[in-house]
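Structure, as structure tokens:
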Amino acid sequence: MAVVVWIVEGTWTACVDAARAHVPDGSEIVLLHVSGHEEPGVAHGAFAGLLGRGSPTRDPGSLIERLAAESAHRLLEEAAERLGRSCTRVERSGRIEREVVAAAEDADLLVLARDGDRSRLGPRSLGPHSRFVVDHAPCPLLLVWPEAAPDLSGIPAPPPHHP
């Protein structure tokens, strides 16, 4: 079984714990982290537009890219240690939701966590990246709550029955 575990700051421990609990021993596990390209791109653009002909070594976009890569590397190390079994670590960058879907192309399972409004049940418990992944994933999903799920009292009452 090939499993991709999407590692995201703030929710990764729940995904790793779910993989430990639900993925059979001997499975091929890929820990995936994706860094978006929006923030470095904005910084590159600001540097080029506002600072003009400054030295490329002072471009804040490059610093943001380097810090993001270092953070992703540390996060994947921590996730692999918590997983406690053999795995592959993959770092990608680009449009986050599309990179996750592409990484799961040959997977048998994708593990991800809710990243939206986690105070109540419902579709808003998924952020935009996760919603795209849930809607377009090329494989089955294991969608986990990063903490205890809200109780069922948040589900609206059914509409009245009309005979």
Is there a chain of hydrophobic side chains (I, L, V, M, F, W, Y, each step under 4.5 Å between heavy atoms) that links [X] to [Y]?
| X | Y | answer |
| --- | --- | --- |
| Val23 | Val5 | yes |
| Leu31 | Leu142 | yes |
| Val144 | Leu75 | yes |
| Val30 | Val34 | yes |
| Val4 | Val134 | yes |

Would you indicate whether the side-chain heavy atoms of [Y] and [X] approach each other to under 4.5 Å?
| X | Y | result |
| --- | --- | --- |
| Glu78 | Arg82 | no |
| Arg118 | Pro150 | no |
| Arg85 | Ile29 | yes |
| Ser71 | His33 | no |
| Trp12 | Leu76 | no |
| Arg98 | Val101 | no |
| Trp6 | Leu141 | no |
| Leu143 | Leu126 | yes |

Rounded to the nearest 0.5 Å, what's the gap from [atom1] on [X] to [atom2] on [Y]? Could you check?
| X | Y | atom1 | atom2 | value |
| --- | --- | --- | --- | --- |
| Thr13 | Leu83 | OG1 | CG | 12.5 Å |
| Ser35 | His73 | OG | NE2 | 12.5 Å |
| Ser86 | Asp25 | OG | CG | 11.5 Å |
| Cys15 | Leu110 | SG | CG | 8.5 Å |

Minimum-distance pair of heavy atoms, taken over all atoms of [X] and [Y]:
| X | Y | result |
| --- | --- | --- |
| Ala103 | Leu32 | CB-CD2, 3.6 Å |
| Ala107 | Cys139 | O-CB, 3.2 Å |
| Val111 | Ala18 | CG1-CB, 4.2 Å |
| Ala14 | Pro146 | CB-CA, 3.5 Å |
| Ala80 | Arg89 | CB-NE, 3.5 Å |

Asp108 side-chain N/O to Ala2 backbone N/O, donor-acceptor pair under 3.5 Å: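 Flag set: sc Asp108 to bb Ala2 pair under 3.5 Å.
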Expected output: side-chain Asp115 to main-chain Gly127 donor-acceptor under 3.5 Å: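 At least one qualifying donor-acceptor pair exists.
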More than 12 foreign heavy atoms under 6.0 Å from [atom1] of [X]: is that the case here?
| X | atom1 | answer |
| --- | --- | --- |
| Arg20 | CZ | yes |
| Glu147 | CD | yes |
| Glu81 | CD | no |

Arg95/Glu97 salt bridge by N-O under 4.0 Å criterion: yes
Test log, rule side-chain contact (heavy atoms from CB on, under 4.5 Å), inputs Val16 and Ile7: CA-CA 8 Å; Val16 170; Ile7 303 299; 3.8 Å; yes
